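In what follows, a single structure is set out as structure tokens and then discussed.
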Amino acid sequence: MEDERDHDTTSSSPPSLSKQLAGTTLGGSTDVPIVDLSVSDEDFLVHEVVKASEEWGIFQVVNHGIPEELMRQLQVVGKQFFDLPEVEKEIVAKDGDFEGYKRKYLGGINNWDQHLFHRLSPPSIINYKYWPKNPPQYREVTEEYTKHIKRLTEKILGWLSEGLGLPHEAFTQSIGGETTEYVLRVNFYPPTQDSELVIGAAAHSDMGAIALLLPNEVPGLQAFKDEQWLDLNYINSAVVVIIGDQLMRMTNGRFKNVLHRAKTDKERLRISWPVFVAPRADMSVGPLPELTGDENPPKFETLIYNDYIDQKINGWALEDLPVY
């Protein structure tokens, strides 16, 4: 799910990734929009998250209600897992599905990392054989974090819905309501002296609807805006919100499915905890009728989500991918 890029097949699809990145500037830093969720003026919050989604496709939220101690515990148990001997990590190794542990994974686009990938919700899709039993606190901490991240996701989706004149539950229901799938990927990027040449996760947009990412203190996430790659500045206890392909498609292109990538660091270990939020594989997703019409015809096909995934993965193999 993290190694993703947009690959719609309609005539109005965005240009290929390699064309989008041609002649771009590498580097630079910026403060992406920061939204303080402790603000009591909900209309202001609606305006801010919609503006950030339209102009950037990525923003950071602070004072979001997830306890700082819980976030710290999630980071601790994640690092403890990767500190284990390889033989212990292999207990939850991938065995054909995308879930599980993998070391130095090379996917459809070049990347270099170790990661742990498993479903969080709904309960019917969880397979605990991919959840580490060591450290012992892993399951308890992760399940508690899941409760909070789901509440935060539904708040943000509600504000985004209201900002486009839709009912509060519109986007939440359009990606499945209680059946919406939440998946955690713990990314472990070891230090490398070739950090300018090795990309932890190559340029992509997320296939799902939205992702909420918790980083550690080592910067490395970059977003593509105004023909250049921009470093996201680290903010303690902030959660990074990333708009994915399906929200872009549901809003008929009004929200941006931001291109982003992850860099390694020469001296420091970088770890991140993105939670990907996506429809069930058998759900149909496309521009919402309320957001289209004679003056704004649909720009994207309505597709079964699993078919969309297949098209996008096939698109990776067809493109001449840039190397950074």
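Keep in mind that what you see is a predicted model, and the values were worked out from it rather than measured.
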Suppose the criterion is ring pair (Phe, Tyr, Trp, His ring centres under 6.0 Å): which pairs have a residue in residues 144-183, not counting sequence neighbours? none
Applying salt bridge (Lys or Arg N to Asp or Glu O under 4.0 Å), name anything that partners [X], two or more places apart in sequence or on another chain.
X      : answer
Arg254 : Glu54
Arg151 : none
Asp43  : none
Lys133 : none

Apply side-chain contact (heavy atoms from CB on, under 4.5 Å) to [X] and list each qualifying residue two or more places apart in sequence or on a separate chain.
X      : result
Asp294 : none
Pro122 : Ser124, Ile125, Glu181
Gln80  : Val76, Val77, Pro135, Gln137
Ser38  : Asp36, Asn63

Is the side chain of [X] donor-acceptor paired with the backbone N or O of [Y] at a distance under 3.5 Å, no angle test?
X      : Y      : answer
Gln222 : Gln228 : no
Glu99  : Arg119 : yes
Gln246 : Met207 : yes

Under a 4.0 Å N-O cut-off, is there an ion pair linking [X] with [Y]?
X      : Y     : result
Glu48  : Lys51 : no
Lys129 : Asp95 : yes
Lys79  : Asp83 : yes

Kindly indicate whether the side chain of [X], heavy atoms from C-beta on, has any atom under 4.5 Å from the side chain of [Y].
X      : Y      : value
Leu157 : Leu247 : yes
Ser53  : Leu160 : yes
Leu214 : Val240 : no

Parallel, tilted or perpendicular: which fits the ring planes of Tyr305 and Tyr308, with parallel below 30° and perpendicular above 60°? parallel
Going by side-chain contact (heavy atoms from CB on, under 4.5 Å), Ser272 matches just one of Asn216, Asn187, Leu221, Val218. Which one? Asn187
Other residues, nucleotides and ligands only: do more than 12 of their heavy atoms fall within 6.0 Å of CD on Glu69? yes
Solution key, residues 275-291 side-chain donor-acceptor pairs under 3.5 Å, sequence neighbours excluded:
unit_1	atom_1	unit_2	atom_2	d
Arg280	NE	Asp282	OD1	2.8
Arg280	NH1	Thr179	OG1	2.7
Arg280	NH2	Asp282	OD1	3.2

Return the set of residues passing ring-ring contact (aromatic ring centres under 6.0 Å, His included) with Tyr101 (not counting sequence neighbours), or none when no residue passes. Phe81
With sequence neighbours left out, what residues match His118 under ring-ring contact (aromatic ring centres under 6.0 Å, His included)? Trp131, Tyr138
Under a plain distance cut-off of 3.5 Å, with no hydrogens placed, do Asn252 and Thr292 share a side-chain donor-acceptor pair? no
